[in-house]
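See below for the structure under consideration.
The structure displayed is predicted, hence computed values, not measured ones. One-based numbering, in listed order, for ligands and for the atoms of each. Just so it is clear, the values below take in all heavy atoms, side chains as well, and ignore hydrogens, waters and symmetry mates.
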Amino acid sequence: MSNKDLLEKDKLPSHVAIIMDGNGRWARKRGNSRIFGHKNGVKAVREVTEAAAELGIGYLTLYAFSTENWNRPKTEVDALMSLLVKTISDETKTLMENNVQLNVIGFKDSLPQRVRKNLEDCIEKTSSNTGLVLNLALSYSSRWEIIDAVKKIADDVSNKKISVDDINADFFSNYLTTSGMPDPELMIRTSGETRISNFLLWQLAYAELYFCDVLWPDFRKENFYEALINYQNRERRFGMISEQLKK
Ligand code: FPP
């Protein structure tokens with residue numbers, strides 16, 4: 001029996017975020033280059049996107065490239081950018097067939113021109129799709145995003161567009177790259193690392209965190225269902241006590 005059959009369809013998260021980790025270790029175990037690991041990570045991206053779309057999950061955010069990743073060796077950065085362009089080109093047709101809308105969060109201006117163009121084309125083509133929103137975090141870091149939001153708010157205050165009293169948590173969320181999206185209820189990180197690594201720090205405030213040992217290139221639909229079952233078995237209290245939730 002598949003773990004999919006054990007899922008309660010009416011208790012699925014509306015937004016799942018994933019830190020795809022372990023490509024390098026997966027490749028090293030096979031005596032191969034880190035890039036080989038990233039290439040094999042694409043299969044897992046495809047699987048998890050398909051699974052999320054099939055289940056009717058609203059948003060899937062994948063941490064594909066952090067601002068810190070720019071510090072990796074140039075050959076690896078270049079290979080990741082090329083892989084991204086190739087994957088987006090190859091998969092646009094499948095995204096269309098599955099009604100998936102592509103979106104990118106991150107400091108887009110820092111991406112090479114050809115990557116930006118390729119992403120913009122796919123975002124445009126998939127913009128009227130109404131199913132899953134596949135949110136790629138590229139050149140993204142949460143501290144960058146929060147500072148960027150603070151600067152925009154400061155600007156709007158000094159231009160008298162808003163007043164300081166307007167600022168509250170919901171208002172602040174609208175200045176983030178995820179504006180208009182629900183916060184992720186579940187965050188998955190693969191490869192056994194148990195850190196958040198500057199990913200959606202604001203948005204993950206109440207998320208359930210799920211860490212598994214599987215290296216990203218080995219992550220399959222069944223692993224995704226397992227994470228969702230684990231999530232469904234948790235009690236989300238938002239600071240309250242169990243008895244209050246039963247009312
Ligand atoms: C982390 O593993 C993975 C990345 C930094 C890149 C993720 C990229 C992909 C899965 C491929 C392309 C993605 C898309 C969306 C088309 P790591 O290199 O940090 O692994 P390690 O911790 O084992 O060294």
By side-chain contact (heavy atoms from CB on, under 4.5 Å), Arg234 pairs with (sequence neighbours left out) Glu208, Tyr210, Asn230
What are the atom names and distances for all N or O pairs under 3.5 Å between ligand 1 and the protein?
unit_1	atom_1	unit_2	atom_2	d
ligand 1	2 (O)	Gly22	N	3.4
ligand 1	2 (O)	Asn23	N	3.4
ligand 1	18 (O)	Arg34	NH2	2.8
ligand 1	18 (O)	Arg72	NH1	2.9
ligand 1	19 (O)	Asp21	OD1	3.3
ligand 1	19 (O)	Arg72	NH2	2.9
ligand 1	20 (O)	Gly22	N	3.4
ligand 1	20 (O)	Asn23	N	3.2
ligand 1	20 (O)	Gly24	N	3.0
ligand 1	22 (O)	Asp21	OD1	3.0
ligand 1	22 (O)	Arg25	NH2	2.9
ligand 1	23 (O)	Gly24	N	3.3
ligand 1	23 (O)	Arg25	N	2.8
ligand 1	23 (O)	Arg25	NE	2.8
ligand 1	24 (O)	Arg34	NH1	3.0
ligand 1	24 (O)	Arg34	NH2	3.2

Between the CG atom in Asp21 and the OG1 atom in Thr194, the distance rounded to the nearest 0.5 Å is 11.0 Å
With Gln203 as partner, the option from Thr178, Asp183, Thr61 fulfilling side chain to side chain donor-acceptor pair (under 3.5 Å) is Thr178
Across all chains, not counting sequence neighbours, the side-chain hydrogen bond (donor to acceptor under 3.5 Å, both in side chains) partners of Arg195 are Glu193
For this session: Using the ring of Trp26 (Phe, Tyr or Trp, six-membered ring only), decide whether Arg28 places NZ or CZ under 6.0 Å from its centre and within 45 degrees of its axis.
Result: no
Across all chains, not counting sequence neighbours, the side-chain contact (heavy atoms from CB on, under 4.5 Å) partners of Glu8 are Asp10, Lys11, Gln232
